Amino acid sequence: MIDMLTLPFMQTALAASLLIGIICSFIGVYIVLKRIVFVGAAIANISTAGIAFAILMGFNPELFSLLFAVAGVLLFSISVRKGQKKIPAESIIGIAYGVSSALGILLVAKSATGESHVLSLIFGNILAVSVNQLKIIAIAFPVIFLIHYLFNKEFLFTSFDTEMAKTLGIKTTLWEIIFYLTLGVTISLSIHVAGALLTFTYLVIPATTALIVTGKLKFVFIFSVIFGIISSFSGMYVSYIIDLPSGPTIVITSFILCTVIIIISKIRKILA
């Protein structure tokens, strides 16, 4: 571990994975409990399509990734909250997922250099993260976390008890949109650093693992972040020791951790 931490690029990669792991694991609790896991995957695809479009047109990929993600979350924030009588929210999300995937492939096919770039964004190469990218997420993610901390009550009531939120005078529509915007920005920035695969994993597995450990909402957030941190540290270390791709190694490490927690939970129930 000490040898790994002496390498500058490993220090940058570890810092980036920890930042992404913390914020995605935190927001992932909402995603899992609200049962909108597919929304996370859809936004990731839409963001990637934005990157492919920017590469083809010669625009800034980071900017268009964010713009596409924001457009997607605005659509989902309305469809998921209200739903439709004829077209269910799940259908809208599914259509967006499929269309954005196809659009990304078509745009990449017309770009001479887009394929390798977009593939790296899908599978990720966190070891290649630059200091500038680290600075951006080091500024953006604490701001997002602070928003969720300061307005914790609004987010919780809007997400899990809308009737109570309305009685308290909370503008549920506004806070639902703000939540999806923070989610979109988080996914967009994370994809550029860690790739869609690792980003989606951070959004789902740590929160799922935390829910196995405890049913108390406050502790679910804490355990989810802890599991995200453990997965980042252990995954980066294993990838360094065995010489494996860091992103997929973190994904498998997170899955193994979840599996171990499930086994321990089953054993405890048998022995109880």
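Predicted, not measured: the structure shown is a model, and the values here were computed from it.
- Leu19 has its side chain within reach of Leu134: a pair of non-hydrogen atoms, C-beta onward, lies under 4.5 Å apart.
- For the atom pair Ile126 CD1 and Met10 CE, the distance stands at 9.5 Å (nearest 0.5 Å).
- Transitive grouping of hydrophobic side chains (ILVMFWY, heavy atoms separated by less than 4.5 Å) brings Leu7 and Leu14 into a common cluster.
- Side chain of Thr167 to backbone of Met164: a donor-acceptor contact under 3.5 angstrom is found.
- The side-chain heavy atoms of Leu33 and Leu211, taken from C-beta on, include a pair separated by under 4.5 Å.
- Crowding of Phe160 atom CZ: a count of heavy atoms from other residues, nucleotides or ligands under 6.0 Å exceeding 12.
- Judged by distance alone, the side chain of Thr214 and the main-chain N or O of Ala210 form no donor-acceptor pair under 3.5 Å.
- Taking OG1 of Thr208 as the reference point, atom CZ of Phe227 lies at 11.0 Å (rounded to 0.5 Å).
- Taking hydrophobic clusters as Ile, Leu, Val, Met, Phe, Trp and Tyr residues chained together by side-chain heavy-atom distances below 4.5 Å, Ile256 does not share a cluster with Tyr240.
- Ile263 is not listed as a side-chain neighbour of Arg268, based on a closest heavy-atom distance of 4.5 Å or more.
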Would you check, one step at a time, whether the test side chain to side chain contact (heavy atoms under 4.5 Å, CB included) holds for Leu203 with Ile187? CA-CA 9 Å; Leu203 286 170; Ile187 291 176; 3.9 Å; yes

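- Separating the NZ atom in Lys266 from the CD1 atom in Ile212 is a distance of 9.0 Å, to the nearest 0.5 Å.
- In this structure, a donor-acceptor pair under 3.5 Å is present between the side chains of Ser65 and Ser188.
- In terms of heavy atoms, Ala194 sits closest to Ile20 at CB-CD1, 3.8 Å.
- Atom CG of residue Leu66 and atom CG of residue Leu189 lie 6.5 Å apart, to the nearest 0.5 angstrom.
- In the hydrophobic clustering of ILVMFWY residues, with side-chain heavy atoms under 4.5 Å counting as a link, Ile252 and Val204 come out apart.
- A cation-pi arrangement, defined by a distance under 6.0 Å to the six-membered ring centre and an angle within 45 degrees of its axis, is absent between Lys218 and Phe223.
- The distance from the OG1 atom of Thr259 to the CD1 atom of Ile264 is 11.0 Å, given to the nearest 0.5 Å.
- Evaluation of the side chain to side chain donor-acceptor pair (under 3.5 Å) rule for Ser239 yields Ser246 as partners, not counting sequence neighbours.
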Between Val37 and Phe200, is a side chain to side chain contact (heavy atoms under 4.5 Å, CB included) present by the stated rule, with each step listed? CA-CA 9 Å; Val37 171; Phe200 184 66; 3.6 Å; yes

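- Between Ile27 atom CD1 and Leu183 atom CG the span is 6.0 Å, to the nearest 0.5 Å.
- Of all non-hydrogen atoms in Ala69 and Ile46, the two that sit nearest each other are N-CG2, 4.3 Å.
- Closest approach of Gly235 to Thr249, counting heavy atoms only: O-CG2, 3.4 Å.
- When every heavy atom of Gln133 is checked against every heavy atom of Ala128, the shortest pair comes out as OE1-O, 4.3 Å.
- Side-chain atoms of Ser232 and Tyr202 form a donor-acceptor pair, as typed in the model, at a separation below 3.5 Å.
- Residues Val260 and Phe255 fall into different hydrophobic clusters, defined by Ile, Leu, Val, Met, Phe, Trp and Tyr side chains chained together at heavy-atom separations under 4.5 Å.
- Formation of a donor-acceptor pair under 3.5 Å by the Thr182 side chain with backbone atoms of Phe179 is found in this model.
- Between Phe221 and Leu156 there is a side-chain heavy-atom pair separated by less than 4.5 Å.
- Aromatic ring pairs are classed by plane angle as parallel below 30°, tilted from 30° to 60° and perpendicular above 60°; the pair Trp175 and Phe155 is perpendicular.
- Aromatic ring pairs are classed by plane angle as parallel below 30°, tilted from 30° to 60° and perpendicular above 60°; the pair Phe59 and Phe64 is parallel.
- The aromatic ring centroids of Tyr30 and Tyr180 lie 6.0 Å or more from each other.
- Contact check for Phe233 versus Leu18: side-chain heavy atoms found under the 4.5 Å cut-off.
- Taking the side chain to side chain donor-acceptor pair (under 3.5 Å) definition, one finds that Thr199 meets it with nothing, sequence neighbours left out.
- Using a distance-only test at 3.5 Å, with no hydrogens or angles considered, no donor-acceptor pair links the side chain of Ser25 to the main chain of Ile22.
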Intermediate values then yes/no, side chain to side chain contact (heavy atoms under 4.5 Å, CB included), Phe9 and Val129: CA-CA 8 Å; Phe9 77 95; Val129 59; over 6 Å; no

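- Taking all atoms of both residues into account, the shortest heavy-atom contact from Gly215 to Val220 is C-CG2, 4.4 Å.
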Does the pair Glu176 and Lys171 meet the rule for a salt bridge (charged side-chain N to carboxylate O under 4.0 Å, His left out), with working shown? CA-CA 9 Å; Glu176 191 77 356; Lys171 298 180 179 180; over 6 Å; no

Does the pair Leu198 and Val251 meet the rule for a side chain to side chain contact (heavy atoms under 4.5 Å, CB included), with working shown? CA-CA 6 Å; Leu198 182 55; Val251 172; 3.9 Å; yes

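- Using a 4.5 Å cut-off between side-chain heavy atoms of Ile, Leu, Val, Met, Phe, Trp and Tyr, with links allowed through other members, Ile139 and Ile191 fall into different hydrophobic clusters.
- Between Cys24 and Thr186 there is a side-chain heavy-atom pair separated by less than 4.5 Å.
- Looking only at distances, no side-chain donor or acceptor of Ser265 sits under 3.5 Å from a matching main-chain atom of Ile261.
- Under the 4.5 Å side-chain criterion, counting only non-hydrogen atoms from C-beta, Ile23 is in contact with Ile144.
- Looking at every heavy atom in both residues, Ala44 comes nearest to Ala196 through CB-CB, 4.4 Å.
- Ile43 has its side chain out of reach of Phe68: every pair of non-hydrogen atoms, C-beta onward, lies at least 4.5 Å apart.
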